[in-house]
Amino acid sequence: MSVAVATPPASWAEPVRLLGARTWALSLVELQKLRSDQTELVTRMAQPVLWLLVFGTIFNRIRAIPTGELSYLAYLTPGILAQSALFISIFLGIQIIWDRDAGILTKVMVTPTPRAAIVLAKAFAAGVRGLAPVVVLVPVALLLGVSITVNPLELIGAAVALMLGAGFFACLSMAIAGVAQTRDRLMGIGQLMTMPLFFASNALYPIELMPTWLQVISRINPLTYLVDALRGLLVGAPADIGLDFAVLVVAAVVGIMGAASLLGRLVR
């Protein structure tokens, strides 16, 4: 009598390997898209420079906002970098709707590719986009007299913080895309969220200047922790770097999980 041989359980490492491999492959595709069309990156660099040159220099001169030992330009530069990451990433969900409309998303999702890999690749691309304004904004800030660190570890830490923040906002946009379903709705919701996220943070002014109810909102706003991390790493302002990175990592993980769970709604 023959005895059936039980199939050995699949290794726990196999799903992790598949997730890593597919994320890497899709990330390369996203980077190729950036290389083929760099117009968006160039246009996105202009807005933060204008904020720093116009808004920053005026408020630095009139000294309307108390920023302690930091000049207002030094205080504002990390805030504008964080703002750029937000503005670049919050509409990334439009791309995934375009992929849906072109049939690309459906083709990818019928393969064994984990949904989290699709989200991670898009979030990685958003992180790269979020780093682009640094190339122009930091030299402009230096010309305006802002003292920015040259410590390689602090610069790497600031880049990681920017990528985490941009990745979270990209995941938020993709989650909204799963609910909104159309580009027009996503644009409307994104525009509705962008300004409250920005102004309810410490990007332009210290939290202590806000009314109490806005301080509460600011302290649960991930953008606040991104700005705080950048300020501490780039210009040496007092910051709780450990707490900032903990919030950014948790926000990114929650964002990835939420976006991956809602992604299927786009192809139903």
Side-chain angles (χ1 to χ4, degrees), residues 23 27 30-31 34 38 40-52 56 73-93 95 119-142 146-174 193-194 197-198 201-204 218 221-237 239-256 259:
T23 301
S27 296
E30 294 295 328
L31 290 178
L34 289 176
Q38 300 175 6
E40 179 189 359
L41 294 182
V42 174
T43 55
R44 291 290 187 179
M45 291 178 186
Q47 185 179 22
V49 171
L50 289 173
W51 267 90
L52 194 62
L73 280 171
Y75 184 88
L76 181 64
T77 299
I80 296 303
L81 285 172
Q83 177 216 51
S84 300
L86 168 64
F87 286 6
I88 287 172
S89 304
I90 200 65
F91 296 109
L92 193 98
Q95 286 192 5
V119 173
L120 279 166
K122 295 287 186 183
F124 172 74
V128 174
R129 287 184 174 91
L131 289 175
V134 176
V135 178
V136 175
L137 192 64
V138 168
V140 171
L142 291 171
V146 177
S147 179
I148 295 177
T149 184
V150 293
N151 185 317
L153 292 178
E154 291 177 335
L155 292 174
I156 292 172
V160 172
L162 266 175
M163 294 192 73
L164 283 171
F168 165 72
F169 292 118
C171 290
L172 179 61
S173 181
M174 286 184 278
M193 294 178 58
T194 301
L197 281 169
F198 178 48
S201 75
N202 57 349
L204 298 178
S218 179
N221 182 357
L223 188 66
T224 294
Y225 297 92
L226 173 58
V227 174
D228 193 64
L230 294 177
R231 219 166 255 148
L233 291 167
L234 293 178
V235 298
D240 191 341
I241 301 296
L243 175 63
D244 295 334
F245 271 91
V247 171
L248 291 173
V249 169
V250 170
V253 171
V254 172
I256 291 167

For this session: May I have the step-by-step check of side-chain contact (heavy atoms from CB on, under 4.5 Å) for Leu234 and Leu81, ending in yes or no?
Result: CA-CA 11 Å; Leu234 293 178; Leu81 285 172; 3.6 Å; yes
Problem set entry | Of Thr77, Asp244, Leu162, the residue whose pairing with Leu230 passes side chain to side chain contact (heavy atoms under 4.5 Å, CB included) | Leu162
Seminar exercise, completed: Between the OG1 atom in Thr224 and the CG atom in Asn202, the distance rounded to the nearest 0.5 Å is 4.5 Å
For this session: Keeping the roles fixed (side chain from Ser89, backbone from Phe169), state whether a donor-acceptor pair exists under 3.5 Å.
Result: no
Exercise. Taking all non-hydrogen atoms of both residues, which atom of Gly56 and which atom of Leu73 are closest, and how far apart?
Worked result: C-CD2, 3.6 Å
Problem set entry | Pairwise side-chain contact, Val235 with Thr149, heavy-atom cut-off 4.5 Å (strictly under) | no
Exercise. Does Leu164 reach the side chain of Phe245, with side-chain heavy atoms less than 4.5 Å apart?
Worked result: yes
For this session: To the nearest 0.5 Å, tell me how far Cys171 SG sits from Ile256 CD1.
Result: 5.0 Å
For this session: Look at the side chain of Arg231 and the backbone N and O of Ala239, then say whether any donor-acceptor pair between them is shorter than 3.5 Å.
Result: no
Exercise. So, for Pro222 and Phe168, which heavy atoms are closest and what is the spacing to 0.1 Å?
Worked result: CG-CE2, 3.6 Å
Seminar exercise, completed: In terms of heavy-atom contacts, Pro133 and Ile88 come closest through CG-CD1, 3.9 Å
Exercise. Between CE of Met163 and CG of Leu226, what distance do you get to the nearest 0.5 Å?
Worked result: 12.5 Å
Exercise. Would a 4.5 Å heavy-atom cut-off, applied to side chains only, mark Thr194 and Phe87 as touching?
Worked result: yes
For this session: Over all heavy atoms of both residues, which pair between Asn151 and Leu153 is shortest? Give the atoms and the distance, please.
Result: OD1-N, 2.9 Å
Exercise. Shortest non-hydrogen contact from Leu137 to Pro48?
Worked result: CD1-O, 3.6 Å
For this session: For the pair Ser84 (side chain) and Ile80 (backbone), establish whether a donor and an acceptor sit closer than 3.5 Å, ignoring hydrogens and angles.
Result: yes
For this session: Evaluate side-chain contact (heavy atoms from CB on, under 4.5 Å) for Leu223 paired with Gln83, printing each intermediate quantity in order.
Result: CA-CA 8 Å; Leu223 188 66; Gln83 177 216 51; 5.9 Å; no
For this session: May I ask you to test the Val128-Phe124 pair for a side-chain heavy-atom distance under 4.5 Å?
Result: yes
Problem set entry | Spacing of CG belonging to Leu76 relative to CG belonging to Leu204, to within rounding of 0.5 Å | 6.5 Å
For this session: Output the distance between atom NZ (Lys122) and atom CD (Gln95), rounded to the nearest 0.5 Å.
Result: 5.0 Å
Seminar exercise, completed: Heavy atoms of Arg129 and Leu92 approach each other most closely as NH1-CD1, 3.7 Å
Exercise. Nearest 0.5 Å, what's the CG-OG distance between Leu197 and Ser218?
Worked result: 10.5 Å
